[in-house]
Every structure is written in structure tokens, then in C-alpha cells.
Chemist: 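Take a look at this one; I'll ask things after.
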Amino acid sequence: KQEVTQIPAALSVPEGENLVLNCSFTDSAIYNLQWFRQDPGKGLTSLLLIQSSQREQTSGRLNASLDKSSGRSTLYIAASQPGDSATYLCAANTGNQFYFGTGTSLTVIP
Amino acid sequence: GAVVSQHPSWVICKSGTSVKIECRSLDFQATTMFWYRQFPKQSLMLMATSNEGSKATYEQGVEKDKFLINHASLTLSTLTVTSAHPEDSSFYICSARDPKPTNEKLFFGSGTQLSVL
């Protein structure tokens, strides 16, 4: 069974810093990997989706990479802002099901 | 992008009553929808996969008679928590898969906070 882990569980950084969130998965046979953002008491908002054939995807200040062979994905956030404070979740899509990581709670301090 | 609407956003009910949560895909047809449960500061726990026109597939440990799922159309899935008890209080989220074969993206509703008194 696919297991997805995210490190760190929580992260606090001053505004303006660049940061990296990590996601690892045990089974490399994935269809794609998706990064989400969740604000407290809200649903999930899709940030980036990387297909299994891709190495990275970029959207504004966000860059996500994927290394299937090592079972890893990273989400890079450049020039962090207080509005980036949220929980970030990654999900590995095996085709039949999406497996979610445990999330990283990010706090950007003004 | 695709939009998934979930209603209600929050509900408070008495123990023993039933609560229905709706999940609609507004601008695409979703043959498959997923229902998740989330406890505070924890990740999403898949409860069941809802397939249009057929019975839902429940994850191990999820009581199908307790959590009734109906996916009667390509744009609507409902989750009914029957005879709710305080331990059913949780945040419930639905999602739908974008059917475009090159996309396979997952879109989420805004969630429903259920509080059972």
C-alpha cells in the first residue's frame, strides 16, 4: 500500500525566506503527484500537479519537483509571505486512489 | 478551473438524527467522487469512493450503513450520516476527479464541519 510522508510536520519562517517542503512516497508507480493548500476549516486548494513523466512544475512563486525513482517530491516557495501560512498537503495518485501525506503546517512571520 | 461545491459548510445536530451532505461538480461531469474525513491537525482519511450509477466502495473500517453514499448523477454525490453520535463530529470533505485523461486533477469541496451534540 502506498504511504506518503511529509517532512517537516511544522515550519515557521520569517517573511521573505525561501523554503522547501518535502513529500516522500513508498511506491514509485504513481500517475501523478499533486500539491494542495488547506486553510483552517476549509477545503483543499490545488496548487500544482506534476505528471509522472514530468520533473517539475512552476506557478508564480511555487515550484514543485518530482523524482519518481527516489519516491520524492518537493515544493519550493520563494520569497514567502504571511499569506502563505497554511497547511500544505501532497497527494500521490496511483490511478485508482489518491494517497495523502500528513501535511506540513507553515507559518510565515511578518 | 473546475469547481466542486459542498453544502452545508457546517451543521449542528442532535444525537440520533441524520445529516445529509451534498457534493456537486459545477462545471464538469464526475464519474468518481471521493469522501474524506479529517480530524483536527490530521491529514485526510479516505472514507469511500463514490461511483456514478453504482454502489460506493468503502474503505476498511468505515461502516457503510452508517455513512450512506449516493451518486445518482454525474454532478452530485451525497453523504448521509445516519443516527449521528458525538464521535461522528468531524470535518468531512468531498472531492471529484477531473475526467480529462491528460489532467487527472483532484478538486475539493470547501468541507462540512459536523458537530453532533
Side-chain angles (χ1 to χ4, degrees), chain A residues 1-11 21-25 29-54 57 59-60 64 66 85-107, chain B residues 1-11 21 23-26 28 31-51 56-60 89-115:
Chain A
K1 180 183 175 182
Q2 178 76 269
E3 292 185 3
V4 182
T5 306
Q6 289 185 247
I7 295 173
L11 182 62
L21 307 181
N22 297 290
C23 172
S24 61
F25 45 96
I30 62 170
Y31 193 78
N32 59 43
L33 188 135
Q34 199 167 349
W35 282 92
F36 296 89
R37 168 187 173 139
Q38 184 178 30
D39 292 290
K42 304 291 184 181
L44 277 67
T45 301
S46 178
L47 298 174
L48 288 165
L49 180 145
I50 312 176
Q51 300 291 356
S52 61
S53 58
Q54 297 175 326
Q57 281 287 317
S59 176
L66 175 64
S85 298
T87 296
Y88 292 80
L89 294 132
C90 64
N93 178 8
T94 61
N96 293 323
Q97 198 172 127
F98 293 81
Y99 292 87
F100 282 84
T102 46
T104 294
S105 177
L106 173 65
T107 302
Chain B
V3 177
V4 174
S5 174
Q6 187 172 343
H7 178 81
S9 299
W10 58 270
V11 58
I21 303 170
C23 182
R24 295 179 184 272
S25 56
L26 298 185
F28 66 99
T31 56
T32 302
M33 290 186 175
F34 304 93
W35 286 96
Y36 297 87
R37 183 173 181 176
Q38 187 178 35
F39 293 100
K41 298 188 177 182
Q42 294 189 26
S43 190
L44 282 71
M45 181 189 78
L46 179 64
M47 298 175 64
T49 301
S50 171
N51 302 298
T57 303
Y58 289 82
E59 294 300 299
Q60 191 172 8
S89 298
S90 188
F91 191 61
Y92 294 87
I93 314 178
C94 70
S95 69
R97 192 204 308 253
D98 187 321
K100 298 187 188 70
T102 58
N103 198 334
E104 278 288 329
K105 194 180 273 192
L106 203 58
F107 294 94
F108 281 83
S110 54
T112 299
Q113 182 64 54
L114 171 63
S115 297

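Below, read A as the first sequence line, B as the second, and so on, with proteins coming before strands; counting in each chain starts at 1. These numbers come from the heavy atoms of this one structure, side chains and all, not from hydrogens, waters or symmetry mates.
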Chemist: Heavy-atom pairs under 4.5 Å with chain A: which of B:I93, B:L44, B:T32 has the most?
Modeler: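 When all of B:I93, B:L44, B:T32 are compared, B:L44 has the most.
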Chemist: Determine whether A:L49 and A:Q57 satisfy the following criterion, side chain to side chain contact (heavy atoms under 4.5 Å, CB included), listing intermediate values before the conclusion.
Modeler: CA-CA 7 Å; A:L49 180 145; A:Q57 281 287 317; over 6 Å; no
Chemist: Please name all residues satisfying side-chain contact (heavy atoms from CB on, under 4.5 Å) with A:Q2, sequence neighbours left out, ordered by chain then number.
Modeler: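 Here the qualifying residues are A:V4, A:F25, A:T26, A:D27, A:I30, A:A92, A:T94, A:Y99.
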Chemist: List in chain and number order the residues that pass side chain to side chain donor-acceptor pair (under 3.5 Å) with B:Q42, two or more places apart in sequence or in another chain; answer none if no residue qualifies.
Modeler: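 Side chain to side chain donor-acceptor pair (under 3.5 Å) list for B:Q42, sorted by chain: empty.
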Chemist: Would you check if the distance from the ring center of B:F108 to the ring center of A:F100 is below 6.0 Å?
Modeler: yes
Chemist: For A:Q6, which atoms come within 4.5 Å of any heavy atom of chain B: side chain, backbone, both, or neither?
Modeler: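 Answer is neither: A:Q6 stays 4.5 Å or more from chain B.
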Chemist: With a 4.5 angstrom heavy-atom cut-off, is it the side chain or the backbone of B:Q38 that approaches chain A, or both, or neither?
Modeler: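 Side chain only.
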Chemist: Heavy-atom pairs under 4.5 Å with chain A: which of B:G111, B:G109, B:S110 has the most?
Modeler: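 Ranked by contacts with chain A, first place is B:S110.
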Chemist: Would you say A:T104's side chain and A:P8's backbone share a donor-acceptor pair under 3.5 angstrom?
Modeler: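 Indeed, once roles are kept as given, a pair shorter than 3.5 Å links the two residues.
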Chemist: Which one, A:S105, A:P40, A:G101, leads in non-hydrogen pairs under 4.5 Å with chain B?
Modeler: A:G101
Chemist: Pick one of side chain, backbone, both or neither for B:L46, based on which atoms fall under 4.5 Å of a heavy atom in chain A.
Modeler: side chain
Chemist: Just do the side chain to side chain contact (heavy atoms under 4.5 Å, CB included) check on B:S25 and B:F107 with the steps written out, would you?
Modeler: CA-CA 9 Å; B:S25 56; B:F107 294 94; over 6 Å; no
Chemist: Could you look at A:L89 and say if it's the side chain, the backbone, both or neither that has a heavy atom under 4.5 Å from chain B?
Modeler: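 The answer is the side chain of A:L89.
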Chemist: Find the one option among A:G103, A:S46, A:A91 whose heavy-atom pairs under 4.5 Å with chain B are most numerous.
Modeler: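 Most pairs with chain B among the choices: A:S46.
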